[in-house]
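Following: one structure in C-alpha cells, then a few remarks.
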Amino acid sequence: MIYLDHFNSIEDKELKSIDELKALSIRKQRIENDKKFRKYILDINQRYRVMTDKKSKHSFKKINPFRRAA
C-alpha cells in the first residue's frame, strides 16, 4: 500500500510510467493551486475584517448617548 502524504510523498521515489508521472504532476499542480487559492481567500478575508472593524469603531464614535431620539 502506498502511503500518500501531500508534503512527504513516497510516490516521488518510485519508478513510474508516463501516465503515472502525468497524474502525479497534475495532482501536485492541484495541491499548489489549492494552496494559492486558500492564501488568496485568507488575504481577502483579512482585508474585509480590517474594513469592517474600522467601520464598526467609527460608527461607535458617531453614537452620542446624550442625543435625544427623534
Taking atom [atom1] of [X] and atom [atom2] of [Y], what is their separation to the nearest 0.5 Å?
X	Y	atom1	atom2	answer
Gln29	Asp34	CD	CG	10.0 Å
Asn33	Arg38	CG	CZ	11.0 Å
Glu32	Lys36	CD	NZ	6.5 Å

_hydrophobic_cluster_shared for Phe37 and Ile44, side chain cutoff 4.5 Å_ =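 Yes, Ile44 and Phe37 fall within the same hydrophobic cluster.
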*Is Lys39 salt-bridged to Asp43, going by a charged N under 4.0 Å from an acidic O?*
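Judged by the 4.0 Å cut-off on N to carboxylate O distance, Lys39 and Asp43 do form a salt bridge.
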*State, with a plain yes or no, whether a side-chain heavy atom of Arg27 is found less than 4.5 Å away from one of Arg30.*
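Not touching, per the 4.5 Å side-chain cut-off.
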_So Lys22 and Ile18, do their side chains get closer than 4.5 Å, heavy atoms only?_
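In short, these two side chains touch, coming nearer than 4.5 Å.
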